[in-house]
Enquirer: 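Okay, handing you the structure first.
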Amino acid sequence: MTIRVRFAPSPTGYLHVGGARTALFNYLWAKKNGGTFILRIEDTDEERSTEDSVAQIYESMRWLGLHWDEGPVRQSDRAALYQEALRKMEAGGHLYRAFDTKEELEEIREQARLEKRNPIYDRRALRLTPAEVQAKLDAGVPFVWRFRVPDEGATRVPDTLQGEGECVFQNSEIGDFIITRPGTIANPGGPLYNFCCAVDDAEMRITHVIRGADHLSNTARQILMLEALGAAIPQYTHLPLILKGGKKMSKRDVDADGRFPVSVSARRDLGYHPEATFNFLALLGWSFDGEREILTRDEIINAFSLDRLSKSNANFDEDKYLFLNGWYTRHLPTATIVARVRPFLEAAGFDLASRTDEWIGGVVGLEIERCKLLTEFPEALRYFFAAPASYEEKGAKKFFTPEGLALLEDSAARLETATDWSHDGLEAPIKALAEEKQLGLGKIAQPLRLAVSGRTATPGLFEVLHVLGREETLSRIRRAVEVMRAAAP
RNA sequence: GGUCCCAUCGUCUAGCCCGGUCUAGGACGUCGCCCUCUCACGGCGAAAACAGGGGUUCGAAUCCCCUUGGGACUACCA
């Protein structure tokens with residue numbers, strides 16, 4: 001039997017990293033087994049679904065390389081299918097109409113709370129006589145369809161991960177759930193999530209449902225409907241949840257924290273790599289061998305298996321994500337990094353018109369070990385595009401002293417007579433100066449570094465001077481000297 | 001409150017199913033040392049965990065029970 005899995009997001013917000021991980025595991029399971037990965041958009045909630053979200057979900061999945069084999073299938077296009085399933089279940093005696101108002105239902109819940117019971121519908125609609133039902137229908141009283149859960153027995157959710165192979169729910173604890181929005185005969189209410197999900201899983205012949213553990217109790221209901229429909233029950237894998245601050249990631253206020261947003265697109269905009277994200281997400285609840293953690297897409301696909309999934313919830317480890325991103329920044333081909341950094345440099349307003357990819361690659365290469373996120377490059381590279389507007393305060397205090405000033409002027413004098421502006425050609429005269437002064441190279445280099453870059457931490461000083469060129473270097477030193485004189489006359 | 005799920009270093013985890021090889025392995029983070037013109041990268045090293053209590057067993061991180069803790073669900077959302 002060929003494996004068929006689906007990722008079924010609701011477009012009520014941007015795809016977040018938790019959803020992306022669910023999509024990833026479905027994708028991996030399909031790829032590993034030569035199966036089919038289906039994308040299904042669960043947009044039955046017209047109020048909350050937006051086209052913007054739909055577009056962003058596609059975009060984020062493509063960015064991560066989670067290409068789907070079938071779909072996207074939109075539930076909003078499948079009304080006829082749900083209508084047919086509804087008729088089938090009704091004919092089987094699995095459904096009944098309920099005319100209760102929101103207020104009545106709230107009362108039932110409140111009562112249950114007081115009695116410390118699970119709030120379960122009391123089936124008052126089921127006690128209506130056929131004549132009473134007909135009267136309400138004739139009067140146009142809105143109703144919803146409820147699924148009649150069997151009185152006895154239990155519903156077993158076959159799960160590869162949670163429980164000991166299955167999770168058991170007593171039917172008496174489930175309660176007759178609602179499967180449509182309120183409507184009338186003339187104007188029927190639309191189908192609800194649980195219902196569509198079960199119908200679609202059956203219709204699409206889904207073999208494995210891999211989704212978050214927050215769906216565990218829904219699954220019992222979906223299995224009940226699947227049985228009523230006479231459909232096969234897929235194998236379920238309820239993934240442990242990704243926690244953020246000890247709580248489930250919330251769809252709302254997705255990107256409330258600008259530094260640690262949860263939407264995939266916001267992460268991309270912050271300069272995270274798809275490779276790092278793919279790798280990191282795969283390791284969130286799954287492990288390769290417990291030793292290796294930096295893995296290629298193919299290695300992950302080949303090694304992926306459901307039985308190496310963890311059962312317990314995982315905190316979203318920002319430090320590790322950032323570390324991995326830094327690793328990929330350092331190890332991805334330079335051309336890739338340059339292509340990805342370019343837009344960030346442009347956005348920062350740097351003039352790239354006269355800059356070749358080779359030149360950009362050069363300066364990116366110099367700063368790459370100090371940058372984990374692509375968004376860090378503009379600030380890191382700023383001094384290659386413009387003379388420092390200010391000098392690092394701590395460094396200025398330490399190196400812009402009378403002694404530092406003298407050293408800077410001496411350095412400038414040596415550099416002015418330098419004929420060879422290569423790394424070695426620059427190093428030689430400065431080293432000679434250090435020896436004459438009986439100082440460590442750092443003593444000379446630090447004031448120079450600060451003068452040309454405004455910073456106390458940069459790549460090798462002579463590489464920097466080489467890139468800046470003679471004129472630019474000397475003019476920056478002159479400016480620094482002026483600033484120093486002005487500050488301490 | 002009810003139902004369900006989960007429980008190894010601060011965090012992500014390996015080991016658990018098939019008890020002894022575990023003085024519990026790796027990674028991130030932290031700290032120290034080395035490399036070094038600075039920062040970073042890299043290298044080396046350190047501190048750091050089987051939630052608690054009962055069983056079963058010659059022997060338990062591994063099996064069973066209880067307690068405790070954490071999470072999810074508890075919509076005419078998905």
Side-chain angles (χ1 to χ4, degrees), chain A residues 8-13 42-45 47-49 98 100-102 105-106 109 112-120 142-146 157 159 161-164 167-170 173-175 177-183 189-190 192-194 196-197 212-218 220 238 240-241 243 246-248 251 280 283-294 307-308 310-324 326 330 367-371 380 395 399 427 430-431 434 440-446 448-450 453 455-462:
Chain A
S10 72
T12 54
E42 310 225 316
D43 55 354
T44 54
D45 188 340
E47 306 268 304
R48 297 201 304 137
S49 297
D100 315 283
T101 64
K102 264 195 144 138
L105 295 175
E106 187 48 49
R109 272 194 290 274
R113 256 193 294 273
L114 288 174
E115 292 171 21
K116 302 190 174 187
R117 293 187 343 259
N118 202 6
I120 284 176
F143 65 87
V144 298
W145 284 102
R146 273 186 190 268
V157 177
D159 197 296
L161 201 57
Q162 309 294 334
E164 320 268 314
C167 298
V168 180
F169 294 85
Q170 294 304 314
E173 296 286 348
I174 295 176
F177 50 93
I178 295 168
I179 67 164
T180 65
R181 294 189 162 74
L192 250 16
Y193 161 75
N194 260 318
C196 298
C197 187
D214 49 345
H215 282 288
L216 203 41
S217 57
N218 281 330
H238 286 96
L241 267 12
L243 271 29
K247 296 285 174 200
K248 182 180 123 174
K251 274 193 176 184
F280 175 67
L283 255 21
L284 219 46
W286 177 81
S287 62
F288 180 69
D289 60 1
E291 302 280 315
R292 282 193 57 206
E293 300 200 317
I294 292 178
D307 53 20
R308 283 198 73 83
S310 160
K311 294 166 88 108
S312 45
N313 294 345
N315 275 292
F316 193 84
D317 188 343
E318 290 290 353
D319 283 332
K320 199 156 191 165
Y321 189 12
L322 193 60
F323 162 81
L324 269 178
R330 274 175 265 120
E367 283 291 348
I368 207 157
E369 278 151 13
R370 268 157 296 277
C371 296
F399 301 113
E427 185 180 35
I430 298 298
K431 261 203 167 151
L441 185 52
K443 283 273 188 231
I444 315 276
Q446 280 307 82
L448 254 180
R449 188 189 307 279
L450 189 60
S453 72
R455 305 179 359 197
T456 54
T458 72
L461 175 65
F462 305 113

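The figures here come from the full heavy-atom set of this structure, side chains too, leaving out hydrogens, waters and symmetry mates. In what follows, every chain begins at residue 1, and chains take the letters A, B, ... in the order their sequences are listed.
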Enquirer: Could you tell me whether the side chain of A/V157 reaches within less than 4.5 Å of the side chain of A/Q162, counting heavy atoms only?
Expert: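 No, too far: nothing below the 4.5 Å cut-off.
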
Enquirer: When the distance from CG of A/L105 to P of B/C77 is rounded to whole Å, what number comes out?
Expert: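 To the nearest whole Å, that distance equals 11 Å.
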
Enquirer: State which of B/C76, B/C73, B/A78 makes the closest approach to the side chain of A/N218.
Expert: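 Output: B/A78.
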
Enquirer: Check if the side chain of A/R48 and the base of B/C77 share a donor-acceptor pair of N or O atoms closer than 3.5 Å.
Expert: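 Present.
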
Enquirer: Which nucleotide sits closest to the side chain of A/Y193: B/A7, B/A78, B/U74?
Expert: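 Minimum distance to the A/Y193 side chain belongs to B/A78.
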
Enquirer: Just compare B/G2, B/G1, B/C76 and give me whichever is closest to any side-chain atom of A/E173.
Expert: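 Out of B/G2, B/G1, B/C76, the nucleotide with an atom closest to A/E173's side chain is B/G2.
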
Enquirer: List for me each residue that meets side-chain hydrogen bond (donor to acceptor under 3.5 Å, both in side chains) alongside A/E115, sequence neighbours excluded, and say none if there are none.
Expert: A/Q111, A/R117

Enquirer: Is the shortest side-chain N/O distance from A/R181 to OP1 or OP2 of B/C77 below 4.0 Å?
Expert: yes

Enquirer: So, does A/S217 get its side chain near the phosphate of B/C4, meaning an N or O under 4.0 Å from OP1 or OP2?
Expert: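 No, no such contact exists.
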
Enquirer: What's the gap between B/U21 and B/G59 when it is taken at their C1' atoms, as a whole Å value?
Expert: 14 Å

Enquirer: In this structure, how many angstroms lie between the P atom of B/A14 and the CG atom of A/D289, rounded?
Expert: 11 Å

Enquirer: How far apart are the closest heavy atoms of A/F288 and A/R308, and which atoms are they?
Expert: O-NE, 3.0 Å

Enquirer: When you measure from the side chain of A/L461, which nucleotide among B/C37, B/G25, B/C76 comes out closest?
Expert: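 That would be B/C37.
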
Enquirer: Using the C1' atom as the point on both nucleotides, what is the distance between B/G15 and B/G26, in whole Å?
Expert: 11 Å

Enquirer: Could you say whether A/F462 or A/D45 is positioned toward the 5' end of RNA chain B, judged by the nucleotide with the nearest heavy atom to each?
Expert: A/F462

Enquirer: Under 4.0 Å, heavy atoms only, any strand: does A/T458 hit a base, just the sugar-phosphate, or nothing?
Expert: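 Base: the residue A/T458, judged by heavy atoms under 4.0 Å, touches a nucleobase.
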
Enquirer: For B/C9, which nucleotide in any strand shown is its Watson-Crick or wobble partner with both distances under 3.5 Å?
Expert: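 Paired with no nucleotide.
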
Enquirer: Kindly point out which of B/A78, B/U3, B/C76 is positioned nearest to the side chain of A/F169?
Expert: B/U3

Enquirer: What integer distance in Å separates A/R449:CZ from B/C39:P?
Expert: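 Whole-Å distance recorded here is 9 Å.
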
Enquirer: Quick test: give all pairs of protein nitrogen or oxygen and nucleotides 28-30 of chain B nitrogen or oxygen below 3.5 Å, distance rounded to 0.1 Å.
Expert:
residue, atom, partner, partner atom, Å
B/C28, O2', A/D319, O, 3.4
B/C28, O2', A/K320, N, 3.2

Enquirer: Is any side-chain heavy atom of A/L216 closer than 4.5 Å to a side-chain heavy atom of A/D159?
Expert: yes

Enquirer: Atom CZ of A/R308 and atom C1' of B/U13: how far apart are they, to the nearest Å?
Expert: 10 Å

Enquirer: Is any side-chain nitrogen or oxygen of A/N118 closer than 4.0 Å to OP1 or OP2 of B/U74?
Expert: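 No.
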
Enquirer: Work out how far the C1' atom of B/A49 is from that of B/U13, and round it to whole angstrom.
Expert: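 It comes out at 12 Å once rounded to the nearest Å.
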
Enquirer: CG of A/L461 to CD of A/Q446: how many Å apart, nearest 0.5 Å?
Expert: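 CD of A/Q446 is found 8.5 Å from CG of A/L461.
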
Enquirer: In this structure, how many angstroms lie between the P atom of B/U13 and the NZ atom of A/K311, rounded?
Expert: 14 Å

Enquirer: Begin from the C-alpha positions of A/E106 and A/D100 and carry the test side-chain contact (heavy atoms from CB on, under 4.5 Å) through to its verdict.
Expert: CA-CA 10 Å; A/E106 187 48 49; A/D100 315 283; over 6 Å; no

Enquirer: Partner lookup for B/A46, please. Criteria are Watson-Crick or G-U wobble with both distances under 3.5 angstrom; report none if nothing qualifies.
Expert: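 In the structure as shown, B/A46 has B/U30 as its Watson-Crick or wobble partner.
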
Enquirer: Do the two ring centres, one from A/F323 and one from A/F280, sit under 6.0 Å apart?
Expert: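 No, the ring centres sit 6.0 Å or more apart.
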
Enquirer: Any N or O donor-acceptor pair linking the side chain of A/R370 to the base of B/C41 at under 3.5 Å?
Expert: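 No, the side chain and the base share no sub-3.5 Å donor-acceptor pair.
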
Enquirer: Looking at every strand, decide which applies to A/G290 at a 4.0 Å heavy-atom threshold: base, sugar-phosphate, or nothing.
Expert: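 Base contact.
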
Enquirer: Can you tell which of B/C6, B/G1, B/A14 lies closest to the side chain of A/S312?
Expert: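 Nearest to the side chain of A/S312 among the choices is B/C6.
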
Enquirer: Which base, if any, makes a Watson-Crick or G-U wobble pair with B/A72, both distances under 3.5 Å?
Expert: B/U3

Enquirer: Rounding to the closest angstrom, what is the interatomic distance between B/C6 and B/A24 at atom P?
Expert: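 Per the computed distance, 27 Å lies between those P atoms.
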
Enquirer: Give the rounded distance in Å between these two atoms: CG of A/L450 and C1' of B/U38.
Expert: 11 Å

Enquirer: Whole Å only: how far is the CZ atom of A/F177 from the C1' atom of B/U74?
Expert: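 Taking atom C1' of B/U74 as the reference, CZ of A/F177 is at 15 Å.
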
Enquirer: Quantified in whole Å, what is the C1' atom distance between nucleotide B/C58 and nucleotide B/C66?
Expert: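 That atom pair is separated by 26 Å.
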
Enquirer: Quick check on A/K311: does its NZ atom have over 12 non-hydrogen neighbours (other residues, nucleotides or ligands) under 6.0 Å away?
Expert: yes

Enquirer: Using a 4.0 Å heavy-atom cut-off, does A/D307 contact any base of the nucleic acid, only the sugar-phosphate backbone, or nothing at all?
Expert: nothing

Enquirer: Under a 3.5 Å cut-off for both contacts, is B/U23 paired Watson-Crick or G-U wobble with anything, and if yes, with which nucleotide?
Expert: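 Paired with B/U23, as far as the under-3.5 Å criterion goes, is no nucleotide at all.
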
Enquirer: I need the CD1-C1' distance between A/I294 and B/G42, as an integer number of Å.
Expert: 13 Å

Enquirer: Does some side-chain heavy atom of A/S49 sit less than 4.5 Å from a side-chain heavy atom of A/P11?
Expert: yes

Enquirer: Within the structure, does a side-chain N or O atom of A/R109 lie under 4.0 Å from either OP1 or OP2 of B/C76?
Expert: yes

Enquirer: Please give the nucleotide sitting opposite B/A51 as a Watson-Crick or G-U wobble pair, both distances under 3.5 Å, or none.
Expert: B/U67

Enquirer: B/A78 phosphate, OP1 or OP2: any side-chain N/O from A/T44 under 4.0 angstrom?
Expert: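 Yes.
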
Enquirer: Give the nucleotide from the list B/A78, B/C37, B/C76 with an atom nearest to the side chain of A/S10.
Expert: B/A78

Enquirer: Partner of B/C17 by Watson-Crick or G-U wobble geometry, both contacts under 3.5 Å, or none?
Expert: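 Per the H-bond distance test, none.
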
Enquirer: Closest nucleotide of RNA chain B for A/L283 versus for A/A8: which of these residues is on the 5' side?
Expert: A/L283

Enquirer: If you only use heavy atoms from C-beta on, which nucleotide in B/C76, B/C37, B/G42 is closest to the side chain of A/R330?
Expert: B/G42

Enquirer: For the residue pair A/I179 and A/N194, establish whether any side-chain heavy-atom pair is separated by less than 4.5 Å.
Expert: no

Enquirer: Might you list the N or O atoms of the protein lying below 3.5 Å from N or O atoms in nucleotides 69-72 of chain B, with each pair's distance?
Expert:
residue, atom, partner, partner atom, Å
B/G71, OP1, A/K247, NZ, 2.8
B/G71, O2', A/N313, ND2, 2.9
B/A72, OP1, A/K248, N, 3.0

Enquirer: Angle between ring planes, A/Y193 versus A/H215, binned at 30° and 60°: parallel, tilted or perpendicular?
Expert: tilted

Enquirer: Specify the closest pair of heavy atoms between A/R370 and A/R455, including all atoms of both residues, with the distance to one decimal.
Expert: CD-NH2, 4.4 Å

Enquirer: With both distances under 3.5 Å as the test, what is the Watson-Crick or G-U wobble partner of B/C37?
Expert: none

Enquirer: Using atom P of each nucleotide, how far apart are B/U36 and B/A48 to the nearest Å?
Expert: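 So the two P atoms sit 32 Å from each other.
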
Enquirer: Which whole number of Å gives the distance between the C1' atom of B/G20 and that of B/A61?
Expert: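 Nearest-Å result for B/G20 against B/A61 at atom C1': 13 Å.
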
Enquirer: Check whether any side-chain heavy atom of A/T12 sits under 4.5 Å from a side-chain heavy atom of A/E42, and report yes or no.
Expert: no

Enquirer: Would the distance check show the side chain of A/R330 and the main-chain N or O of A/C371 forming a donor-acceptor pair, the cut-off being under 3.5 Å?
Expert: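 Such a contact is absent between A/R330 side chain and A/C371 backbone.
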
Enquirer: Can you tell me, in whole Å, how much space there is between the C1' of B/C28 and that of B/A47?
Expert: 15 Å

